[in-house]
Amino acid sequence: MIAYFQTVLITAGIFALLAQGLNLHRGYTGLLNFGHVAFFAIGSYTMAIMIVTFEFGLLISFIAAMLAATIFGIVVALPAIRLRTDYLAIVTITIGEIFRLVIQSGPGVTELTRGPRGIRGYSNEFFFLREDLGLGFLDPQMYLLVIVWAAVIVVGLLLFLLLRSPWGRVLKGIREDEDAMRALGKNVTSYKIQSFAIGAAIAGLAGVLFAMDIGSLSPVAYLPLITFQAWTIMMLGGMGTHLGPIIGSIIFWSIFNGTLFIPDSIVTGAEAAYLRQIGVGALIMLIIIVRPQGILGSREEMVLDK
Amino acid sequence: MQEAFQLLANGIVIGSVIAVAAVGLSLVFGVLGLINVAHGDFLTLGAFTALVFVGLGLPLYVAAVPAIAAGALAMGGLEKVLWKPMRDRGTSNVNLLIISIGLALVLRHVIFWIFGARVQRFGPVSERIDFGLFALTPQDIIIVVGSAIALIGTGLMLQKTRIGTAMRALSDNKDLAEASGINVSRVILYTWVIAGALTAYGGVLLGLQGRLFPNMGWFLLLLIFAGVILGGIGSAYGAMIGSLIIGVAQEMATHSIIGLPADLKTAVAFLVLILVLLVRPQGIFGRRKAI
């Protein structure tokens, strides 16, 4: 039972981070990013390659992973951000898929990513570090859980401060009425790119922690489904709220992993996996139909979609 | 040279499948402005419905009939129970797009649940026939001919019939169409029904290539988007041409001179999609005002 809660909370924390980044894009800036998994993947892979292939230290690899995600976010945003919302959705989902195909079989790239065989052996230093941090009394899972949630809280606080600042008010202004912000002399495109880059960096951080959790990387772990799960979590908790991604993630993963308790005599493992995905899809539809603002969101703030 | 012709032929075959599906997606977008992410999974629905009837011992061309009916019924039914009520409540297009993502997940995994993950076939794929410059299986030829029939039929429907004219009027200017006495709800319903029939038919054609599996339509979805957007979103004729170009482009990318691994050929089509959206979002045949 404790193992169940540990698993739920580790995954929930990682996806809370992912949803926090997405929330900055969608909830606060109004950008439809359906390629979030690409930033997640670039975080995982940069960290793993830095450690395994180039033998850098953990801290530098961590920072490099977030930096790579940020830069990739800017590279994606520079051309794409001017597009109409639904076109941005298509472009981002496509970029996510291109990215996955390239790490899987891109010529030259696979020498670093090892293609479908994947990378392993990058997480030792991370887990050894717990002695130095004075967390030696924790078992590895518990230690990962603490680190993940520390990251969620730090990112949550930073976002809270950022979004309360004048910078954050401009973002919300863009979400509500882009033209009005332009008329006020704000460089809307630049703000959108900044939002995109910061959200991508958070996804990169989530990717690093996800890599530590799963222990070995392979391209099949980075399907578009990850993006859709992050969207579900964000919408469930409430877009444009600070606690939404966190609460949404805990609820989502409690239910999702809770289905593992259904005995095999009722449904087999493979069937249960399909039923879970049906559940995710139904949940997405249900949120929009019943409560588009999510659990914590306010309706007034969220029905302004064009 | 031989290789180039063979790749061209392969590209036309897959492009033909994409085209049938893309026209359906484009019709719906033209009339409703909705990007239906579940579109690919309706191809899968069509293919597997046909598979069930093939399993009952019917020949494929007969089994295609209930498959097409299932696609039409499913899309038409969803318009009645889901899309129309949501539109009437004033749900934004962005939220409708998100609903379609949920719908895609549900539909695909229901198919997974019923049929399992293993790859199935309508029947054995026949030997390739050598045409000199290229070789194709009889199934490939049926795909190209079958697709051409459907596309010409759709073209005639759009040009010659009342409902086709109404559909074009609606995608041109909704308010004007409504003001001139077109029954908008009925045209929208018919659009879904026609799109559903076309898409399920496209699924049967896709299955003819050999492999049926629950992800087949989903994997094709971004290629369908690419075809639609390259041709000009909302333009049915553009979708046909765009899809053929996408099909040929992704096959040609694997030519030994270019030397791209076959796994990456879809990435080429995706890249075309992104470039078109960035450089000429109205596509080849679209008009700028439609964007």
Side-chain angles (χ1 to χ4, degrees), chain A residues 26 30 32 34 76 79-80 82-102 104-107 110 115-116 224-225 227-229 231-232 235 267 270-289 292 302-306, chain B residues 29 33-35 37-38 41 82 85-86 89-114 116-117 214 218-219 221-222 225-226 228-229 233 259-275 277-279 281 291:
Chain A
R26 170 63 178 137
L32 244 60
F34 277 105
V76 171
R82 287 164 225 270
L83 293 169
R84 212 175 70 174
T85 46
D86 44 358
Y87 284 10
L88 180 64
I90 295 181
V91 165
T92 47
I93 192 175
T94 310
I95 287 172
E97 278 296 87
I98 292 180
F99 188 75
R100 186 175 63 83
L101 290 170
V102 168
Q104 185 171 294
S105 41
T110 47
L225 188 66
T227 305
F228 299 149
Q229 285 173 336
W231 265 85
T232 313
M235 292 192 306
V267 282
E271 278 181 344
Y274 302 142
L275 288 175
R276 273 198 291 278
Q277 303 307 340
I278 294 172
V280 174
L283 187 59
I284 292 176
M285 295 169 74
L286 209 65
I287 295 167
I288 301 280
I289 293 170
M302 270 303 128
V303 288
L304 289 160
D305 287 321
K306 289 135 258 180
Chain B
F29 183 88
L34 167 70
I35 295 182
V37 178
D41 299 295
L82 179 67
M86 291 311 288
R89 279 169 53 182
T91 308
S92 67
N93 265 348
V94 166
N95 277 348
L96 292 178
L97 184 152
I98 295 170
I99 288 187
S100 80
I101 291 176
L103 178 65
L105 282 172
V106 171
L107 188 55
R108 183 164 359 121
H109 289 94
V110 166
I111 294 171
F112 260 116
W113 190 26
I114 298 174
W218 169 247
F219 287 167
L221 180 72
L222 287 178
F225 278 150
V228 168
I229 287 168
I233 193 158
L260 209 66
D263 291 2
L264 274 185
K265 66 181 179 188
T266 46
V268 173
F270 296 166
L271 213 58
V272 173
L273 162 67
I274 293 176
L275 288 178
L277 276 181
L278 297 179
V279 178
I291 303 303

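Please read all numbers here as calculations on a predicted model, not as lab measurements.
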### Task
Go through the atoms of B:Ala117 and report whether side chain, backbone, both or neither lie under 4.5 Å from a heavy atom of chain A.
both
### Task
Give, for atom CG of B:Leu273 and atom OH of A:Tyr87, the distance between the pair rounded to the nearest 0.5 Å.
10.5 Å
### Query
When heavy-atom pairs shorter than 4.5 Å are enumerated against chain A, which of B:Ile98, B:Val110, B:Leu97 gives the highest number?
B:Ile98
### Task
Give every residue pair that meets the salt bridge (Lys or Arg N to Asp or Glu O under 4.0 Å) criterion with at least one member in residues 89-105 of chain B, sequence neighbours excluded.
none
### Distance in Å, B:Asp263 CG paired with A:Thr110 OG1, rounded so as to fall on 0.5 Å steps
10.0 Å
### Query
Which word best sums up how the rings of A:Phe228 and B:Trp218 line up, parallel for under 30°, tilted for 30 to 60°, or perpendicular for over 60°?
perpendicular
### Query
Among B:Leu82, B:Val106, B:Leu96, which has the most heavy-atom pairs under 4.5 Å with chain A?
B:Val106
### Summary
Nearest heavy-atom approach of A:Tyr274 to B:His109 is O-CB, 3.7 Å
### Message
Please classify the contact between B:Ile99 and chain A as side chain, backbone, both or neither, with a heavy-atom cut-off of under 4.5 Å.
### Response
both
### Query
Given a strict heavy-atom distance threshold of 4.5 Å, which part of A:Leu283 is in contact with chain B: side chain, backbone, both, or neither?
neither
### Task
Begin with the C-alpha distance, continue with both residues' side-chain angles, and end with the deciding distance and a verdict on side chain to side chain contact (heavy atoms under 4.5 Å, CB included) for B:Leu278 and A:Leu83.
CA-CA 8 Å; B:Leu278 297 179; A:Leu83 293 169; 4.1 Å; yes
### Close side-chain approach of A:Phe34 and B:Ile101, heavy atoms under 4.5 Å
yes
#### Entry: Structural part of B:Phe225 lying under 4.5 Å from a heavy atom of chain A
side chain
#### Entry: Which atoms of B:Leu271 approach chain A - backbone, side chain, both or neither, heavy atom under 4.5 Å
both
#### Entry: B:Leu221 side chain near A:Glu97 side chain, heavy-atom distance below 4.5 Å
no
### Task
Please report the closest heavy-atom contact between B:Pro261 and A:Pro107, naming both atoms and the distance.
CD-CG, 3.8 Å
### Summary
Max heavy-atom pairs within cutoff under 4.5 Å with chain B, candidates A:Asp86, A:Leu32, A:Ile289, goes to A:Ile289
### Query
Quick one: what part of A:Ile284 sits under 4.5 Å from any heavy atom of chain B, side chain, backbone, both or neither?
side chain
#### Entry: Gap separating the CD atom of A:Gln229 from the CG atom of B:Leu105, nearest 0.5 angstrom
9.0 Å
### Query
Relative to chain A, which of B:Val37, B:Leu222, B:Leu107 shows the most heavy atom pairs under 4.5 Å?
B:Leu222
### Task
Select one option (side chain, backbone, both, neither) describing which atoms of B:Leu277 are under 4.5 Å from chain A's heavy atoms.
both
### Query
Which one, A:Ile98, A:Leu101, A:Ile288, leads in non-hydrogen pairs under 4.5 Å with chain B?
A:Ile288
#### Entry: Atom pair CE/CG of A:Met285 and B:Asn95 - distance to nearest 0.5 Å
12.5 Å
